[in-house]
Amino acid sequence: MKKTFLFAIIATAMLVSCGGAEKKEKKADAAQTEQNAEKAAINTEELGLETPTDTPVASGDIVYLDVAYLSVSSKIYQSEGTAFEKKLADFQSKAQKTQTTWQNKEQAFANEAQKVQDDYNKSMITSITAQQKMEDIERRVAEYQQKMQREGEALAKEEKQLAEEQMVLDTRFAKLVQLAVDNVNADGRYKMIVRKDVVVDANEQLNITNLVLAEMDKLYDEGALN
């Protein structure tokens, strides 16, 4: 994960309709599900991930799993990962704007101080006036530095919170993958399951990514992480 969350909805819950309002809500959920699935497909293409085929998985001693594909295609990503990504993007945008504001303000103070110096050198103001202007600039600089410190501390606190949220989400994703793998291989048909990123070459029929993805989404719907 790029410290971006790579976590489409494969299965939907079977619900009994209980009136018009619930039907509308289910239609909205279905539309959102379709949008999320389309978004996941785009993400896999943008990240250069190869979509696993639905060919039967051969039983064998060793099979492999594309964890990167799971991370952008699983239901946990659509439910939790996308929301976190938005929070992270909003924070990064705010941090960048804050830094730009600091730099602009610093440059403005420097320009103002330079103008006072230039005016004094050209004998356009007295030394007393120049000193007074410089002292005023220094006072405003000190006040703004305090403001910068408060803003910096707030950003650091928010960044720490986001880092903790990311760690929790990473842990939940990893646990869900492990639970799904354990279920898929409950009968011990595979002696070893490796990650695709460590595989040099392999027959596509040894790719069990879709099996694990379906199991992950099923477990997530059942609340296995709760």
**Q** Could you check whether any side-chain N or O of Thr129 sits under 3.5 Å from a backbone N or O of Ile125, counting only pairs where one atom can act as donor and the other as acceptor?
**A**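 Not at all, since once roles are kept as given, no pair shorter than 3.5 Å links the two residues.
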**Q** Please name all residues satisfying side-chain contact (heavy atoms from CB on, under 4.5 Å) with Asp136, sequence neighbours left out, ordered by chain then number.
**A**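 For Asp136 the side-chain contact (heavy atoms from CB on, under 4.5 Å) partners, ignoring immediate neighbours, are Arg139, Arg140.
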**Q** So, applying side-chain contact (heavy atoms from CB on, under 4.5 Å) with Tyr190, which one of Val184, Ile62, Leu206 is it?
**A**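 Single side-chain contact (heavy atoms from CB on, under 4.5 Å) partner of Tyr190 among Val184, Ile62, Leu206: Val184.
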**Q** Do any N or O atoms from the side chain of Asp170 and from the backbone of Ala174 form a donor-acceptor pair under 3.5 angstrom?
**A**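 The answer is no, because no donor-acceptor pair under 3.5 Å joins these two groups.
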**Q** Does Gln117 have more than 12 heavy atoms from other residues, nucleotides or ligands lying within 6.0 Å of its CD?
**A**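 Yes, the 6.0 Å shell around CD holds more than 12 heavy atoms from other groups.
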**Q** Looking only at non-hydrogen atoms, find the nearest pair between Val72 and Gln78 and report the distance.
**A**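 The pair with the smallest heavy-atom distance is O-NE2, 4.1 Å.
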**Q** Answer yes when Lys157 and Glu153 have at least one side-chain N-carboxylate O distance shorter than 4.0 Å, and no when they do not.
**A**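 Between Glu153 and Lys157 there is no salt bridge, as every charged N stays at least 4.0 Å from the carboxylate O atoms.
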**Q** Within the side chain of Asp217, is there an N or O that forms a donor-acceptor pair under 3.5 Å with the backbone of Lys75?
**A**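 Yes; at least one donor-acceptor contact below 3.5 Å.
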**Q** Hydrophobic clusters here meaning ILVMFWY residues chained together by side-chain heavy-atom distances under 4.5 Å, can you tell me if Leu225 and Met216 are in one?
**A**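 Linked within one cluster.
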**Q** For Tyr220 and Glu215, run side chain to side chain donor-acceptor pair (under 3.5 Å): C-alpha distance rounded to whole Å, both residues' side-chain angles, the deciding distance at 0.1 Å, then the answer.
**A** CA-CA 8 Å; Tyr220 189 74; Glu215 185 64 23; over 6 Å; no
**Q** Is atom OH of Tyr144 surrounded by more than 12 heavy atoms (other residues, nucleotides or ligands) closer than 6.0 Å?
**A**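 Atom OH in Tyr144 is crowded, with more than 12 foreign heavy atoms closer than 6.0 Å.
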**Q** So do Gln92 and Gln96 actually touch side chain to side chain, heavy atoms under 4.5 Å?
**A**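 No, too far: nothing below the 4.5 Å cut-off.
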**Q** Can Lys86 be said to sit on top of Phe84's aromatic six-ring, NZ or CZ under 6.0 Å from centre and within 45° of the ring axis?
**A**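 Not satisfied by the 6.0 Å and 45° rule.
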**Q** Are Tyr69 and Ser74 close enough that some pair of their side-chain heavy atoms sits under 4.5 Å apart?
**A**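 No, side chains not in contact.
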**Q** Out of the candidates Leu70, Asp197, Asn207, Leu213, only one should pair with Leu65 under the side-chain contact (heavy atoms from CB on, under 4.5 Å) rule; please name it.
**A**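 Filter result, single survivor: Leu70.
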**Q** Does the side chain of Gln161 come under 3.5 Å of the side chain of Glu165 through a donor N or O and an acceptor N or O?
**A**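 Note: Gln161 and Glu165 side chains meet the donor-acceptor criterion.
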**Q** Sequence neighbours excluded, which residues qualify as side-chain contact (heavy atoms from CB on, under 4.5 Å) partners of Thr98?
**A**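 Applying side-chain contact (heavy atoms from CB on, under 4.5 Å) to Thr98 gives Lys94, Trp102, Glu151, Leu155.
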**Q** Cut-off 3.5 Å, side chains only: do Gln145 and Gln149 have a donor facing an acceptor?
**A**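 No, no side-chain donor-acceptor pair sits under 3.5 Å.
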